[in-house]
Amino acid sequence: MKKKYGKITEEQLKTTYANWYSANTGRDELASLSRDNIEGAIKFASALQQKPLCFSYPPVQILAGCLIYCGCGDKPKEWAEAADPQQVALEFFESGEFDKYFDALTEEEQSTALSMIFAIATNLQSVQIFSKSIHELLLDFENGNDDALFAAIVVDRSVMSMPLAELRIQLAEIMDDEDFFDKLAKAIKKTRPARPDQRLDDARVILYVLDDIGALAELTNSDLTKCLVDDLEVYDDDGRADTGAAIAKFAQRFKKARTPKP
């Protein structure tokens, strides 16, 4: 069967989006519960101490490492040999099969696995906001772009505990670089860099998924409009006279944001 979006069907894309939406809701609920249970929050924070270390790797590598660590590292090979790899992979996580592997881990092992799982989620949250994963932002930072570090901190302040961020902060301290610390303070307060339109967060995730599987470049503007506006309803046309033109500009901004600065 020919798939509408290269490697995935329209239904699989919808399922991926639904899973992402559900994960976002769960993250917000966790924050609320943590504020009401300080003891539990401290325990959970301790379990996530290794999360910043995971940002040194791309999300797909973190996922592969997590599967291996949890004892189901053979699954990707099984998926690759299936008639529809994407479908069996989705079913693996939706069926609760992964949860059984996770539950079999010791408490200490679960802490490591949770760090990986939350690192993947944070990478996608970064895509939502800045069209790039945390890992990609940090690669830009390593190439001399301080603004990419500030963007990463806006997404997750724990980035500051990473060795490369600590080194940059120490360098700024030695140089008495007040401009750097002013921008760092604004990033911590989430006032800088300026946050792109929050209403388009979910639409950016969809473009990222399509780009990651190599389908985005093959879609016409009409295809994208139908996908984002009609099928998934993640882009509000807001009564625009020419929704197609607005979608085209949105896709262009997304691609530009993902292009590393020289």
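These numbers were taken from a predicted model, which means no experiment stands behind them.
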Please report, to 0.1 Å, the donor-acceptor pairs under 3.5 Å made by any side chain of residues 56-65, with sequence neighbours excluded.
residue: Ser56; atom: OG; partner: Leu53; partner atom: O; Å: 3.4

Expected list for residues 158-172: side-chain donor-acceptor pairs under 3.5 angstrom, two or more places apart:
residue: Ser158; atom: OG; partner: Asp156; partner atom: OD1; Å: 2.6
residue: Ser161; atom: OG; partner: Ser158; partner atom: O; Å: 2.7
residue: Arg168; atom: NE; partner: Asp146; partner atom: OD1; Å: 3.1
residue: Arg168; atom: NE; partner: Asp146; partner atom: OD2; Å: 3.3
residue: Arg168; atom: NH2; partner: Asp146; partner atom: OD2; Å: 2.8

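Between Lys226 atom NZ and Thr243 atom OG1 the span is 14.5 Å, to the nearest 0.5 Å. Between the CG atom of Asp147 and the NZ atom of Lys183 there is a distance of 5.5 Å, given to the nearest 0.5 Å. With rounding to the nearest 0.5 Å, the separation of CD in Gln128 from OG1 in Thr122 is 11.0 Å.
Closest approach of Ile134 and Asn123 over heavy atoms only: N-OD1, 3.1 Å. Nearest approach of Ala187 to Phe150, heavy atoms of both residues: CB-O, 3.6 Å. Ala257 and Ser131 get closest at one heavy-atom pair: CB-CB, 3.9 Å. Across Cys70 and Leu105, no two heavy atoms sit closer than the pair SG-CD1, 3.8 Å. Across all their heavy atoms, Leu224 and Ala251 have their closest contact at CD1-CB, 4.0 Å.
Follow the hydrophobic side-chain contacts under 4.5 Å out from Phe254 and you never reach Ile129; the two are in separate clusters. No continuous path of ILVMFWY side-chain contacts below 4.5 Å connects Phe130 to Leu200, so the two sit in separate hydrophobic clusters. No single ILVMFWY cluster, assembled from side-chain heavy atoms under 4.5 Å apart, contains both Tyr101 and Ile68. There is a path of hydrophobic side-chain contacts, each under 4.5 Å, that joins Leu13 to Val127.
The shortest distance between side-chain heavy atoms of Gln87 and Glu91 falls below 4.5 Å. Side-chain contact between Tyr235 and Thr225 is absent, with no heavy atoms from C-beta onward closer than 4.5 Å. Looking at Glu233 and Val229, their side chains never come closer than 4.5 Å, going by heavy atoms from C-beta outward. Contact annotation: the side chain of Thr220 approaches that of Asp223 to within less than 4.5 Å [non-hydrogen atoms, C-beta and beyond]. No side-chain heavy atom of Leu124 sits under 4.5 Å from any side-chain heavy atom of Ser133. In this structure, Asp202 and Ile206 have side chains that are not in contact, with every pair of non-hydrogen atoms separated by 4.5 Å or more.
No salt bridge links Glu97 with Lys100; every basic N to acidic carboxylate O contact stays at or beyond 4.0 Å. Taking the charged nitrogens against the carboxylate oxygens, Arg195 and Asp201 do have a contact shorter than 4.0 Å, which makes a salt bridge. With respect to the salt-bridge test (charged N to carboxylate O, under 4.0 angstrom), the residues Asp140 and Lys132 qualify.
Among residues at least two apart or in separate chains, there is no ring-ring contact (aromatic ring centres under 6.0 Å, His included) pair with a member in residues 182-227.
Atom CZ of Arg258 has more than 12 neighbouring heavy atoms from other residues, nucleotides or ligands inside a 6.0 Å radius.
Checked against a 6.0 Å centroid threshold, the rings of Phe102 and Tyr69 do not count as neighbours.
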